[in-house]
Amino acid sequence: MTVITRFAPSPTGFLHIGGARTALFNWLFARHNGGKFLLRIEDTDRKRSTEEAIEAIFEGMKWLGLNWDDDVIFQFSNAERHAQMAKKLIDEGKAYYCYASKEELDEMRKKQRADGKTTRYDGRWRDRDASEAPEGVAPVVRLKAEQDGETTIKDMVQGEVCVANNQLDDMILLRADGTPTYMLSVVVDDHDMNISHVIRGDDHLTNTFRQIQLYKALGWDTPEFAHIPLIHGADGAKLSKRHGALGAEAYRDMGFLPEAMRNYLLKLGWGHGDDEIISTKQAIEWFDVSGIGKSASRFDMTKLTNLNGVYIRESDNDKLVELIVPMIEKKLEISIDENGKSHLLKGMNALKERAKTIIELAESAEFYVAKRPLEMNAKALKLLNENGMERLVKFKAELDNCTDWKQETLENLAREHAEKAEVKLGKVAQPIRAALSGSNVSPPIFQVMEVLGKEETMGRIIDVM
RNA sequence: GACCCCAUCGUCUAGGGGUUAGGACACUGGCCUUUCACGCCGGCAACGCGGGUUCAAAUCCCGCUGGGGUCGCCA
């Protein structure tokens with residue numbers, strides 16, 4: 001069997017973390033099995049679907065590197081086909097018109113609730129003749145669902161889950177305005193698209209019982225189902241905007257790398273022994289539904305951040321420079337020339353092992369390209385107090401004479417100087433660090449000197465004298 | 001409320017009748033060290049509770065508790 005999966009978001013908001021993971025799992029499953037991964041926009045709710053949301057979903061998917069096969073399918077464009085299927089069911093006596101008003105249904109549910117029963121449509125128009133229809137009321141179309149026995153889902157994650165059919169009700173297929181509902185559209189589209197595996201959040205599990213009834217009514221085979229547990233916020237409650245239910249692009253803007261995000265999302269709810277750092281290539285090779293756990297997991301920003309640090313350290317220096325240049329240019333309102341870029345590139349190995357996000361990386365790299373004279377922070381100022389300045393002035397004399405401007409040579413020079421003066425190396429190094437970086441924290445300072453070059457280094461030292 | 005699902009360190013998880021219950025993040029002690037990191041070596045820390053079944057239960061069964069999901073002319 002050819003594996004075909006799909007990610008089917010409704011365009012009512014950005015691509016949030018839960019959706020991103022669902023997309024990732026579908027993508028991995030398809031890639032692992034050499035199948036197809038399709039993208040379908042579930043825009044049947046015309047009122048809430050927006051163009052911006054569609055764009056945000058595309059952007060998010062692209063950023064995460066989840067490439068889909070074939071053209072995107074917009075569900076609403078199949079509305080006619082969906083309506084036809086509903087009509088077919090009516091003709092076959094498997095669906096019917098219901099003229100119940102909203103108020104009527106509200107009342108019905110209220111009463112059921114008060115009686116401690118499951119709230120469900122009671123089938124009041126199931127067997128009534130159309131001649132009884134009230135005038136001027138546009139009816140909805142409901143499925144005449146099986147009332148006896150039970151419906152079972154054989155779920156690849158949840159196992160067999162059963163529910164008595166009398167818990168289910170006659171769901172709406174076509175709204176009063178004739179447009180199809182999600183329940184109808186999803187079933188027809190999944191069938192028409194030959195979806196072999198439906199992998200989605202387990203908030204859809206109870207919908208699936210109804211959908212299975214619909215598959216049966218239409219005489220179609222059901223796809224395989226895999227309902228994956230939801231992601232919760234750090235406090236265990238449903239992920240909300242307050243927690244981290246942000247769009248994928250928000251994480252990009254916070255300085256996260258898509259590969260780190262992918263690794264994190266993968267590990268959230270799926271495991272492969274003790275493996276933590278899993279490349280995408282490896283993930284495709286290893287991914288299987290049996291590795292998905294059944295319990296919900298909490299979104300942990302700290303772990304994502306740690307993982308991001310790992311991926312930053314593994315990233316190519318050129319790529320990182322490309323990422324931070326525009327950020328620094330914007331913040332410092334400068335234009336970074338080739339010389340500046342080359343400083344960043346030379347310093348990158350040391351820079352990248354100190355950053356956990358691209359934002360941090362950019363900030364820690366600013367001093368390399370900042371305009372002279374550098375702004376000194378409080379701690380730098382402290383390092384350049386009387387004692388520090390005195391040390392700096394003395395050592396500067398030796399630097400002036402240095403002709404071999406290399407990290408190792410410079411370090412040896414400083415060590416000898418410290419030894420002669422009977423002070424610790426830090427006494428020599430820290431004031432230089434302050435002068436060159438404007439801070440008390442930087443990459444190894446002798447490396448910074450080499451990267452900056454003699455002229456720039458001496459210039460910055462003179463600036464603080 | 002009804003129906004359904006879940007339950008191992010604070011978090012993500014491995015294990016799935018006999019383990020000193022393993023790893024990772026976080027926290028923490030130390031080493032390295034010119035700062036900050038990285039790295040390395042250690043530490044803290046878990047099978048929700050109660051009943052069974054069994055020679056033996058974190059693991060299987062039941063109940064409880066706790067958490068979650070669904071119950072729309074939303075998806």
Side-chain angles (χ1 to χ4, degrees), chain A residues 8-12 42-45 47-49 75 98 100-102 105-106 109 112-121 138-142 153 155 157-159 161-164 166-169 171-177 179 181-183 185-186 201-207 209 227 229-230 232 234 236-238 264 267-277 293-307 309 313 350-356 364 379 383 411 414-415 418 424-434 437 439-446:
Chain A
S10 63
T12 52
E42 312 234 308
D43 55 353
T44 52
D45 183 345
K47 291 187 194 93
R48 295 200 303 155
S49 299
Q75 187 159 60
C98 166
S101 70
K102 243 181 189 149
L105 293 174
D106 282 346
R109 292 192 185 103
Q112 288 169 336
R113 190 94 186 222
D115 294 346
K117 290 179 187 161
T118 302
T119 49
R120 55 189 287 279
Y121 174 70
V140 298
V141 173
R142 289 182 182 270
I153 302 171
D155 193 275
V157 172
Q158 306 291 334
V161 187
C162 280
V163 74
N166 61 22
Q167 293 294 324
L168 275 19
D169 65 4
M171 62 180 170
I172 294 176
L173 266 20
L174 250 34
R175 300 186 187 99
D177 66 3
T179 59
T181 61
Y182 160 77
M183 287 290 189
S185 299
V186 98
D202 73 9
D203 49 336
H204 283 286
L205 189 66
T206 51
N207 287 332
F209 295 112
H227 287 92
L230 266 20
H232 292 158
K238 194 177 180 179
Y264 178 70
K267 278 282 296 166
L268 207 54
W270 180 86
H272 187 269
D274 282 339
D275 296 302
E276 297 287 341
I277 308 301
K294 292 175 85 173
S295 50
S297 43
R298 302 181 187 205
F299 186 75
D300 181 7
M301 200 68 158
T302 314
K303 189 142 187 174
L304 204 211
T305 304
N306 171 273
L307 221 35
R313 270 172 257 143
L351 249 19
K352 71 181 178 184
E353 90 184 12
R354 289 165 171 72
K356 295 220 184 296
S364 69
K379 292 199 170 150
L383 286 170
E411 182 169 343
R415 283 187 191 283
K424 285 191 174 173
L425 183 56
K427 292 288 177 199
V428 183
Q430 286 299 78
I432 308 175
R433 189 186 312 283
S437 71
S439 157
N440 59 319
V441 174
S442 84
I445 199 61
F446 304 110

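Residue numbers start from 1 in every chain, and the chains themselves are labelled A, B, ... in the order their sequence lines are given, proteins ahead of strands.
With sequence neighbours excluded, no residue forms a ring pair (Phe, Tyr, Trp, His ring centres under 6.0 Å) with A:Tyr121. In this structure A:Asp300 satisfies the salt bridge (charged side-chain N to carboxylate O under 4.0 Å, His left out) test with no other residue, sequence neighbours excluded. Listed by chain and residue number, nothing satisfies the side chain to side chain donor-acceptor pair (under 3.5 Å) test with A:Asp274 (two or more places apart in sequence, or in another chain). Considering only residues two or more places apart in sequence or on other chains, A:Arg313 meets the salt bridge (charged side-chain N to carboxylate O under 4.0 Å, His left out) condition with none of them.
Expressed to the nearest 0.5 Å, how far OH of A:Tyr264 lies from CG of A:Asn306 amounts to 11.0 Å.
Between the side chain of A:Arg120 and the main chain of A:Leu168, a donor-acceptor pair closer than 3.5 Å is present. For A:Asp115 (side chain) and A:Lys117 (main-chain N/O), no donor-acceptor pair under 3.5 Å exists by modelled atom type. Judged purely by atom type and a 3.5 angstrom limit, A:Arg433 has no side-chain atom pairing as donor or acceptor with the backbone of A:Gly426. No donor-acceptor pair closer than 3.5 Å links the side chain of A:Glu42 to the backbone N or O of A:Val186. Using a distance-only test at 3.5 Å, with no hydrogens or angles considered, a donor-acceptor pair links the side chain of A:Thr181 to the main chain of A:Ile172.
Within the 4.0 angstrom heavy-atom criterion, only backbone atoms of the sugar-phosphate kind lie near A:Gly269; the bases stay farther away. Among the atoms of the strands shown, only primed sugar atoms or phosphate atoms (P, OP1, OP2) are found under 4.0 Å from some heavy atom of A:Asp45. If you check every strand for non-hydrogen atoms under 4.0 Å, A:Pro229 touches nothing. At the heavy-atom level, A:Thr44 lies under 4.0 Å from the strands shown only through sugar-phosphate atoms. If you check every strand for non-hydrogen atoms under 4.0 Å, A:Pro9 touches nothing. Note on A:Phe446: a base of the nucleic acid sits closer than 4.0 angstrom, heavy atoms only. Using a 4.0 Å heavy-atom cutoff across all strands shown, A:Ser442 reaches at least one base atom of the nucleic acid.
Pairing for B:G50 is with B:C62, a Watson-Crick or G-U wobble pair whose two hydrogen-bonding atom distances lie under 3.5 Å. Look at B:C44: it lacks any Watson-Crick or wobble partner with both distances under 3.5 angstrom. In this structure B:C9 sits in no base pair that meets the Watson-Crick or G-U test at under 3.5 Å. Base pairing of B:A75: no nucleotide in any strand meets the Watson-Crick or G-U wobble criterion (both distances under 3.5 Å). Both distances falling under 3.5 Å, in either a Watson-Crick or a G-U wobble arrangement, place B:A2 opposite B:U70.
Comparing B:C9 with B:C41, their P atoms are spaced 26 Å from each other, to the whole Å. Using C1' as the reference atom, B:G29 and B:C61 are 45 Å apart when rounded to the nearest Å. Atom name P, nucleotides B:G15 and B:C27: the rounded distance is 27 Å, in whole Å. A distance of about 47 Å separates the P atoms of B:U19 and B:U35, rounded to the whole Å. With both ends at atom P, the span from B:A14 to B:C60 equals 14 Å, rounded to whole Å. As rounded to the nearest Å, B:G51 and B:U70 have P atoms that lie 36 Å from one another. Comparing B:G18 with B:A57, their P atoms sit 11 Å apart, to the nearest whole Å. Taking atom P on both B:G43 and B:U34, the two are 28 Å apart, rounded to the nearest angstrom.
Between A:Gln158 and A:His227, the shortest heavy-atom contact is NE2-O, 2.9 Å. Heavy atoms only, all atoms of each residue included: A:Ser442 and A:Arg354 are closest at O-NE, 3.9 Å.
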Distances under 3.5 Å between protein N/O atoms and the N/O atoms of nucleotides 21-31 of chain B, please, pair by pair.
from	atom 1	to	atom 2	distance (Å)
B:G22	N2	A:Asp274	OD1	2.7
B:G23	N2	A:Glu276	OE2	2.8
B:A24	O4'	A:Glu276	OE2	3.2
B:A24	N3	A:Lys303	NZ	2.7
B:C25	O3'	A:Asn306	ND2	3.2

Contact letters for nucleotides 65-73 of chain B, in which S counts primed atoms plus P, OP1 and OP2 and B counts the base, heavy atoms under 4.0 Å
---SBSBSB
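Between the C1' atom of B:G39 and the CZ atom of A:Arg354 lies a distance of 12 Å, rounded to the nearest Å. Between A:Lys427 atom NZ and B:U33 atom P the separation is 19 Å, expressed in whole Å. B:C36 atom P lies 13 Å from atom CD1 of A:Ile445, rounded to whole Å. We find that CZ of A:Phe209 is positioned 18 Å from P of B:A2, with the value rounded to whole Å. We find that CZ of A:Arg313 is positioned 9 Å from C1' of B:A37, with the value rounded to whole Å.
The A:Val441 side chain lies nearest to B:C36 when the options are B:U34, B:C5, B:C36.
Where A:Asp115 and A:Ser295 meet RNA chain B, the nucleotide closest to each residue was compared, and A:Asp115 sits on the side nearer the 5' end. Nucleotides of RNA chain B nearest to A:Gln158 and A:Trp270 differ in position, and the one nearer the 5' end is that of A:Gln158.
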